[in-house]
Amino acid sequence: MIEIKDKKECCGCGSCMNICPVHCLRMETDAEGFLYPVADAEACIDCGLCEKVCPVLNAGEDIPADQSAYLLQYRNARVRRQSTSGGAFTAIAGYVLRQGGVVYGAAYDESLRVHHKAAESAGALAAFRGSKYVQSDTESTFSEVREHLNAGRLVCYSGTPCQIEGLLGFLQKPYEKLITVDVVCHAVPSPLVWERYLEMQGRKLGTRITDAKFREKHFGYQYSTMTLMDQDGQECYAQGIDTDQMLRAFFSNVCDRPSCYDCRFKKRYRKSDFTIWDCYPVYAFDKRLDDDKGTNRVLIHTQKGREIFEQIRERCRVLEVDPDRLTAGVKEMFESVEESPLREQFLEDAACMDAQVLFDRYFPVNTKVRLERAARRFCYRTGIYSAAKRAARKILKKD
Ligand SMILES: Cc1cc2nc3c(=O)[nH]c(=O)nc-3n(C[C@H](O)[C@H](O)[C@H](O)COP(=O)(O)OP(=O)(O)OC[C@H]3O[C@@H](n4cnc5c(N)ncnc54)[C@H](O)[C@@H]3O)c2cc1C
Ligand code: SF4
Ligand code: SF4
Ligand code: SF4
């Protein structure tokens with residue numbers, strides 16, 4: 001029976017809860033806002049299945065295999081604008097829908113909590129577009145996927161690498177009709193912190209927040225913003241990584257799931273078919289692709305993935321790249337984020353402090369922040385933002 005003694009040993013995928021034959025495991029939210037399995041010991045029949053399918057307990061080695069690598073920009077400008085990077089997810093998911101399949105991804109509910117859901121039409125896919133930097137609840141989607149696959153249906157499941165390995169562990173055998181897409185994953189922040197942030201913004205902006213985009217291309221791809229929509233669906237807030245307090249919390253590693261600080265899924269060779277992520281230094285690959293509208297790096301791990309890619313490439317601008325070059329220096333692919341020394345106190349405070357006081361205490365909008373924002377906006381207005389960022393990346397040796 002699964003028993004979580006060290007919280008770093010559970011990524012919250014829900015695989016154990018989905019597999020339990022007597023339904024004696026349920027996912028419960030802890031004081032930090034993260035889900036963990038809790039068992040009813042009396043009902044447990046000691047079958048051992050929960051341990052067998054757990055992706056953390058069964059995390060495998062990084063075993064080299066053939067890979068194909070590309071830069072990708074989806075040709076549909078509206079979809080590319082709505083997508084975090086270049087629209088690779090929609091390109092793959094769109095193929096699945098055209099074959100009569102079903103696609104799973106992370107979407108908001110009416111309270112802007114993040115859950116995995118199914119989409120069966122191109123219109124429904126829009127809800128999955130946009131990275132939500134908060135942990136998504138997979139609920140019973142793994143069981144639903146198994147039902148679809150057993151009925152012979154094509155299924156695409158997208159998520160963080162631990163969710164994909166959780167799903168594959170749950171399924172226990174390969175399915176030809178399953179297509180998996182994972183992202184290069186920095187980490188996932190606490191749903192509780194996200195809830196507190198929305199509470200603060202709703203109060204400050206005097207409206208119910210109805211939608212949120214963590215990576216809106218308001219000022220272009222290179223300077224993406226947190227953008228919020230009001231109760232009439234109108235944009236009521238847009239601030240970049242310099243100022244927005246949720247983005248600052250995300251990038252300072254102060255509220256991530258404990259397992260993210262010791263992630264077992266940071267590796268190049270994955271069990272998924274596709275790994276997709278950002279490409280900021282697109283100019284280093286091909287200057288003609290550098291239009292500040294978003295580009296994906298796509299790493300294909302399987303023959304199935306390569307065959308699907310052939311079906312979608314016409315809808316995209318693609319550039320084949322050497323896989324070693326595509327993955328070189330991608331820190332988030334290989335290294336866990338370092339836990340902030342403020343994490344414990346921040347999450348304790350998040351559970352009880354007034355939301356505005358909380359965010360202002362840890363992420364004050366002071367003179368330094370205002371100056372950075374002014375400098376970024378100046379660069380954006382004068383059209384030198386991308387060049388300035390490129391120079392900064394060179395100085396920091398990020399490219
Ligand atoms: C939590 C998180 C951390 C990331 N960290 C990095 C990073 O450090 N470096 C990097 O280069 N790229 C990172 N990415 C990937 C990047 O943000 C884009 O998601 C990726 O490039 C796909 O781009 P797209 O244009 O195809 O995406 P979109 O069309 O915007 O697709 C979004 C995809 O992400 C999935 N998704 C969105 N939110 C979540 C969530 N909370 N949990 C699980 N799945 C989700 C959706 O299901 C969909 O498949 C991260 C993504 C997420 C979700
Ligand atoms: S050992 Fe079997 S019955 Fe017990 S919690 Fe795990 S899956 Fe459920
Ligand atoms: S990692 Fe997933 S399968 Fe393992 S204990 Fe946590 S929720 Fe269960
Ligand atoms: S960093 Fe690792 S453990 Fe955390 S969500 Fe991403 S893949 Fe899962």
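Just so you know, ligand 1 is whichever comes first in the structure, and atom 1 is the first atom listed for that ligand. Index from 1, following the sequence.
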A.B. asks: Given 3.5 Å as the limit, does a donor-acceptor pair link the side chain of Thr141 with the main chain of Thr138, or not?
C.D. replies: yes

A.B. asks: Should Ser136 be counted as touching ligand 1, given the test is an N or O pair under 3.5 Å?
C.D. replies: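 So ligand 1 has no N or O lying under 3.5 Å from an N or O of Ser136.
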
A.B. asks: Considering Phe250, Phe251, Phe128, Tyr157, which one's heavy-atom position lies nearest to atom 32 (C) of ligand 1?
C.D. replies: Phe128

A.B. asks: Which protein heavy atom lies closest to atom 4 (C) of ligand 1, and at what distance to 0.1 Å?
C.D. replies: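 Residue, atom and distance for the closest contact: Val184 O, 3.3 Å.
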
A.B. asks: Please write down residue, atom name and distance for the protein heavy atom closest to atom 4 (Fe) of ligand 4.
C.D. replies: Cys260 SG, 2.3 Å

A.B. asks: Does NZ or CZ of Arg257 lie under 6.0 Å from the centre of the six-membered ring of Tyr36, at an angle within 45° of the ring axis?
C.D. replies: yes

A.B. asks: Taking the six-membered ring for Trp and the single ring otherwise, decide whether the centroids of Phe309 and Phe274 are under 6.0 Å apart.
C.D. replies: no

A.B. asks: Taking only non-hydrogen atoms of Gln135, do any sit less than 4.0 angstrom from ligand 1?
C.D. replies: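 No, Gln135 has no heavy atom closer than 4.0 Å to ligand 1.
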
A.B. asks: Relative to each other, are the rings of Tyr104 and His148 parallel, tilted or perpendicular (30° and 60° limits)?
C.D. replies: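 Rings of Tyr104 and His148: tilted, 30 to 60°.
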
A.B. asks: Do the side chains of Glu199 and Lys204 get close enough for a salt bridge, i.e. N-O under 4.0 angstrom?
C.D. replies: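 Judged by the 4.0 Å cut-off on N to carboxylate O distance, Glu199 and Lys204 do not form a salt bridge.
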
A.B. asks: Measuring from non-hydrogen atoms of Arg80 to any atom of ligand 1, is the shortest distance under 4.0 Å?
C.D. replies: no

A.B. asks: Regarding ligand 1, does Ala88 bring an N or O atom to under 3.5 Å of one of the ligand's N or O atoms?
C.D. replies: yes

A.B. asks: In terms of residue, atom name and distance, what is the protein heavy atom nearest to atom 3 (S) of ligand 4?
C.D. replies: Ser259 OG, 3.7 Å

A.B. asks: Is the side chain of Ser83 donor-acceptor paired with the backbone N or O of Ser85 at a distance under 3.5 Å, no angle test?
C.D. replies: no

A.B. asks: With a cut-off of 4.0 Å, which atoms of ligand 1 are near a heavy atom of Gly105?
C.D. replies: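 Within the 4.0 Å cut-off of Gly105, ligand 1 contributes 47 (O).
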
A.B. asks: Report the nearest protein non-hydrogen atom to atom 1 (S) of ligand 3: residue, atom name, distance rounded to 0.1 Å.
C.D. replies: Cys11 N, 3.4 Å

A.B. asks: Counting only N and O atoms by type, is there a donor-acceptor contact under 3.5 Å from the side chain of Asp230 to the main-chain atoms of Gln234?
C.D. replies: yes

A.B. asks: Counting heavy atoms only, which of Ile276, Asn296, Val330 comes nearest to atom 23 (O) of ligand 1?
C.D. replies: Asn296

A.B. asks: Against heavy atoms of Ile4, which atoms of ligand 3 measure under 4.0 Å?
C.D. replies: 5 (S)

A.B. asks: Treating Ser15 as the side-chain partner and Gly166 as the backbone partner, does any N or O pair qualify as donor plus acceptor under 3.5 Å?
C.D. replies: yes

A.B. asks: What's the spacing between Thr225 OG1 and Asp242 CG if we round to 0.5 Å?
C.D. replies: 10.0 Å

A.B. asks: Kindly confirm or rule out an N or O of Lys132 lying under 3.5 angstrom from an N or O of ligand 1.
C.D. replies: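 Min N/O separation from ligand 1 is below 3.5 Å for Lys132.
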
A.B. asks: Please write down residue, atom name and distance for the protein heavy atom closest to atom 8 (Fe) of ligand 4.
C.D. replies: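 Heavy-atom neighbour on the protein nearest atom 8 (Fe) of ligand 4: Cys162 SG, 2.4 Å.
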
A.B. asks: If the cut-off is 4.0 Å to any non-hydrogen atom of Gly87, which atoms of ligand 1 fall inside it?
C.D. replies: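 The atoms of ligand 1 under 4.0 Å from a heavy atom of Gly87 are 24 (P), 25 (O), 26 (O).
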
A.B. asks: Could you check atom 6 (Fe) of ligand 4 against the protein and tell me its nearest heavy-atom contact, residue, atom and distance included?
C.D. replies: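 It is Cys185 SG, 2.4 Å.
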
A.B. asks: Can you tell me if an N/O/S atom from Cys54 lies under 2.8 Å from atom 4 (Fe) of ligand 3?
C.D. replies: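 True for Cys54.
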
A.B. asks: Looking at Arg129, which atoms of ligand 1 are within less than 4.0 Å of one of its heavy atoms?
C.D. replies: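 Those qualifying, in numeric order: 29 (O), 30 (O).
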
A.B. asks: Apply the test side-chain contact (heavy atoms from CB on, under 4.5 Å) to residues Val365 and Thr243: give CA-CA distance (whole Å), side-chain angles for both, the deciding distance (0.1 Å), then the verdict.
C.D. replies: CA-CA 7 Å; Val365 182; Thr243 317; 4.1 Å; yes

A.B. asks: Return the residue, atom name and 0.1 Å-rounded distance of the protein heavy atom closest to atom 5 (S) of ligand 4.
C.D. replies: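 Here the closest protein heavy atom is Val188 CG2, 3.5 Å.
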
A.B. asks: If we ignore angles and hydrogens, is there a donor and acceptor under 3.5 Å between the side chains of Arg317 and Tyr74?
C.D. replies: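 No - no donor-acceptor pair under 3.5 Å links their side chains.
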
A.B. asks: If you measure from each heavy atom of Gly14 to ligand 3, is any distance below 4.0 Å?
C.D. replies: yes

A.B. asks: Taking distance alone, with N or O pairs closer than 3.5 Å, would you say Ala187 contacts ligand 1?
C.D. replies: no

A.B. asks: Between Tyr157 and His116, what is the ring plane arrangement, given parallel below 30°, perpendicular above 60°, and tilted in between?
C.D. replies: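 Because their plane-to-plane angle is under 30°, the rings of Tyr157 and His116 count as parallel.
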
A.B. asks: Treating Lys117 as the side-chain partner and Tyr108 as the backbone partner, does any N or O pair qualify as donor plus acceptor under 3.5 Å?
C.D. replies: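 Between the backbone of Tyr108 and the side chain of Lys117 there is a qualifying donor-acceptor contact (under 3.5 Å).
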
A.B. asks: Would you mind running through ligand 1 and noting each atom that sits below 4.0 Å from a heavy atom of Trp277?
C.D. replies: 10 (C), 11 (O), 12 (N), 20 (C), 21 (O)

A.B. asks: Scan Phe214, Phe34, Phe250 and name whichever one has a ring-ring contact (aromatic ring centres under 6.0 Å, His included) with Trp194.
C.D. replies: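 In the set Phe214, Phe34, Phe250, the residue that makes a ring-ring contact (aromatic ring centres under 6.0 Å, His included) with Trp194 is Phe214.
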
A.B. asks: Where's the contact between Leu35 and ligand 3, heavy-atom distance under 4.0 Å: side chain, backbone, both or neither?
C.D. replies: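 For Leu35, there is no contact with ligand 3 at all, from either part.
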
A.B. asks: Taking non-hydrogen atoms only, is Val183 closer than 4.0 angstrom to ligand 1 via side chain, backbone, both or neither?
C.D. replies: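 For Val183, the contact with ligand 1 is made by the side chain alone.
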
A.B. asks: Select one of side chain, backbone, both or neither to describe which atoms of Gln163 lie under 4.0 Å from any atom of ligand 1, heavy atoms only.
C.D. replies: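 Just the side chain.
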
A.B. asks: Do we see a donor-acceptor contact under 3.5 Å between the side chains of Tyr261 and Asn253?
C.D. replies: no

A.B. asks: So which of Arg215, Lys331, His186 gets nearest to atom 3 (C) of ligand 1, if we judge by its closest heavy atom?
C.D. replies: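 Nearest option to atom 3 (C) of ligand 1, by heavy atoms: His186.
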
A.B. asks: Polar-atom distance check: Gln82 versus ligand 1, any N or O pair below 3.5 Å?
C.D. replies: no

A.B. asks: Regarding atom 19 (O) of ligand 1: of the candidates Ser131, Ser83, Ala127, Gly294, which has the closest heavy atom?
C.D. replies: Ser131

A.B. asks: Indicate yes or no: does an N/O atom of Cys185 lie under 3.5 Å from an N/O atom of ligand 1?
C.D. replies: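 For ligand 1, there is no N or O atom that lies under 3.5 Å from one belonging to Cys185.
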
A.B. asks: Below 4.0 angstrom from a heavy atom of Asp278, which ligand 1 atoms are there? Numbered from 1 as shown, please.
C.D. replies: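 That gives atoms 10 (C), 11 (O), 12 (N), 16 (C), 17 (O), 21 (O) of ligand 1.
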
A.B. asks: Quick one: which of Pro161, Ala119, Ser85, Pro189 has a heavy atom closest to atom 25 (O) of ligand 1?
C.D. replies: Ser85

A.B. asks: Give yes if a backbone or side-chain nitrogen or oxygen of Phe89 is under 3.5 Å from a nitrogen or oxygen of ligand 1, and no if not.
C.D. replies: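 Right, the criterion is met.
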
A.B. asks: Taking atom CD of Gln222 and atom NZ of Lys293, what is their separation to the nearest 0.5 Å?
C.D. replies: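 So the CD of Gln222 and the NZ of Lys293 are separated by 13.5 Å.
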
A.B. asks: I'd like to know if Val181 contacts ligand 1, where contact means a heavy-atom distance under 4.0 Å to any ligand atom.
C.D. replies: no

A.B. asks: If you count every heavy atom of other residues, nucleotides or ligands that lies below 6.0 Å from Lys52 atom NZ, does the total exceed 12?
C.D. replies: no

A.B. asks: Considering only heavy atoms, does Pro37 approach ligand 3 within less than 4.0 Å through its side chain, its backbone, both, or neither?
C.D. replies: side chain

A.B. asks: Could you list the atoms of ligand 4 found under 4.0 angstrom from a heavy atom of Ala187?
C.D. replies: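 That gives atoms 1 (S) of ligand 4.
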
A.B. asks: Under 4.0 Å from any heavy atom of Gly130, which atoms of ligand 1 are there?
C.D. replies: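 What qualifies from ligand 1 is 28 (P), 30 (O), 37 (C).
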
A.B. asks: Closer than 2.8 Å to atom 8 (Fe) of ligand 3, do we get an N, O or S atom from Cys16, backbone or side chain?
C.D. replies: yes

A.B. asks: Just need the protein heavy atom nearest to atom 2 (Fe) of ligand 4, so name the residue and atom and give the distance.
C.D. replies: Cys263 SG, 2.3 Å

A.B. asks: Closer than 4.0 angstrom: is that true for some heavy atom of Ala91 and an atom of ligand 1?
C.D. replies: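 No heavy atom of Ala91 comes that close to ligand 1.
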
